[in-house]
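This report concerns only the one structure given below.
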Amino acid sequence: QVQLVESGGGLVQPGGSLRLSCAFSGLFFSIYPMNWYRQAPGKQRELVAGITKSGSTNYADSVKGRFTISRDNAKNTVYLKMNSLKPEDTAVYYCNAETATGYWGQGTQVTVSS
């Protein structure tokens with residue numbers, strides 16, 4: 001059974017930074033692609049960033065150059081470093097493991113506001 005636990009969200013001013021973490025419990029973390037999604041109020045959940053088992057990354061156009069996804073297979077953790085945050089980045093951020101069935105964390109709130 002896979003469990004994902006996100007942390008690191010909070011309130012930050014525009015232009016600020018946060019680093020989200022997603023702790024994976026279960027087997028074979030290193031073989032799964034991992035993703036970060038977000039969902040803002042009244043909007044659909046969208047893919048923010050993804051990382052393959054080999055470390056290749058992809059990003060939504062809206063976050064390219066500002067966000068960085070990374071993984072530490074020794075710690076079974078995936079990270080999302082977010083710089084130059086904007087109010088439109090405000091959302092609940094979810095971690096996703098691309099296993100056969102797909103697993104999701106409970107989400108962590110990120111609020112960008114002055």
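Remember, predicted model here, so these are calculated numbers, not experimental data. Hydrogens, waters and symmetry mates play no part in the numbers below; they use all other heavy atoms, side chains included.
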Residues V48, Y59; criterion side-chain contact (heavy atoms from CB on, under 4.5 Å); working and verdict: CA-CA 6 Å; V48 175; Y59 298 93; 5.9 Å; no
Do [X] and [Y] come within less than 4.5 Å of each other through their side chains, counting heavy atoms only?
X	Y	result
V5	F24	no
V110	V112	yes
N83	F67	no

Ion pair K64/D61, N-O distance below 4.0 Å: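 Yes.
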Atom pair [atom1]/[atom2] of [X] and [Y] - distance to nearest 0.5 Å:
X	Y	atom1	atom2	result
M34	N73	CE	CG	10.0 Å
I69	Y79	CD1	OH	12.0 Å
S70	R19	OG	CZ	7.0 Å
S17	K81	OG	NZ	5.0 Å
K43	E88	NZ	CD	8.5 Å
L47	N96	CG	CG	8.5 Å

Quick one: do [X] and [Y] end up in the same hydrophobic cluster if we chain Ile, Leu, Val, Met, Phe, Trp and Tyr together by side-chain heavy atoms under 4.5 Å apart?
X	Y	value
V92	L4	no
F28	I51	yes
V78	L27	yes

Neighbour count above 12 (heavy atom, 6.0 Å) for Q39 CD: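 Enclosed: over 12 neighbouring heavy atoms sit under 6.0 Å from CD of Q39.
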Polar side-chain atom of Q13 near backbone of S114 as donor-acceptor pair, under 3.5 Å: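 Flag not set: sc Q13 to bb S114 has no pair under 3.5 Å.
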Check: T108 side chain, G9 main-chain N or O, donor-acceptor pair, under 3.5 Å: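 Answer holds: yes.
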Check against side-chain hydrogen bond (donor to acceptor under 3.5 Å, both in side chains), T77 and D72: CA-CA 5 Å; T77 302; D72 185 337; over 6 Å; no
Trace of the side-chain contact (heavy atoms from CB on, under 4.5 Å) decision for R38 with S62: CA-CA 12 Å; R38 67 186 180 188; S62 59; 3.4 Å; yes
Verdict with reasoning, Q1 to Y103, per side-chain contact (heavy atoms from CB on, under 4.5 Å): CA-CA 9 Å; Q1 182 75 10; Y103 288 92; 4.1 Å; yes
CA sep, side-chain torsions, deciding dist, call: E6, W36, side-chain contact (heavy atoms from CB on, under 4.5 Å): CA-CA 10 Å; E6 301 100 333; W36 284 97; 3.8 Å; yes
Cation over ring face, R71 and F29, 6.0 Å, 45°: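 Yes, R71 lies over the aromatic ring of F29.
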Mutual orientation of the aromatic rings belonging to Y94 and W104 [parallel < 30°, tilted 30-60°, perpendicular > 60°]: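 Plane angle over 60°, so perpendicular.
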Verdict with supporting geometry, S113 and T111, side-chain hydrogen bond (donor to acceptor under 3.5 Å, both in side chains): CA-CA 6 Å; S113 175; T111 302; over 6 Å; no
Derivation and outcome, side-chain hydrogen bond (donor to acceptor under 3.5 Å, both in side chains), residues Y37 and R45: CA-CA 7 Å; Y37 284 76; R45 191 172 294 189; over 6 Å; no
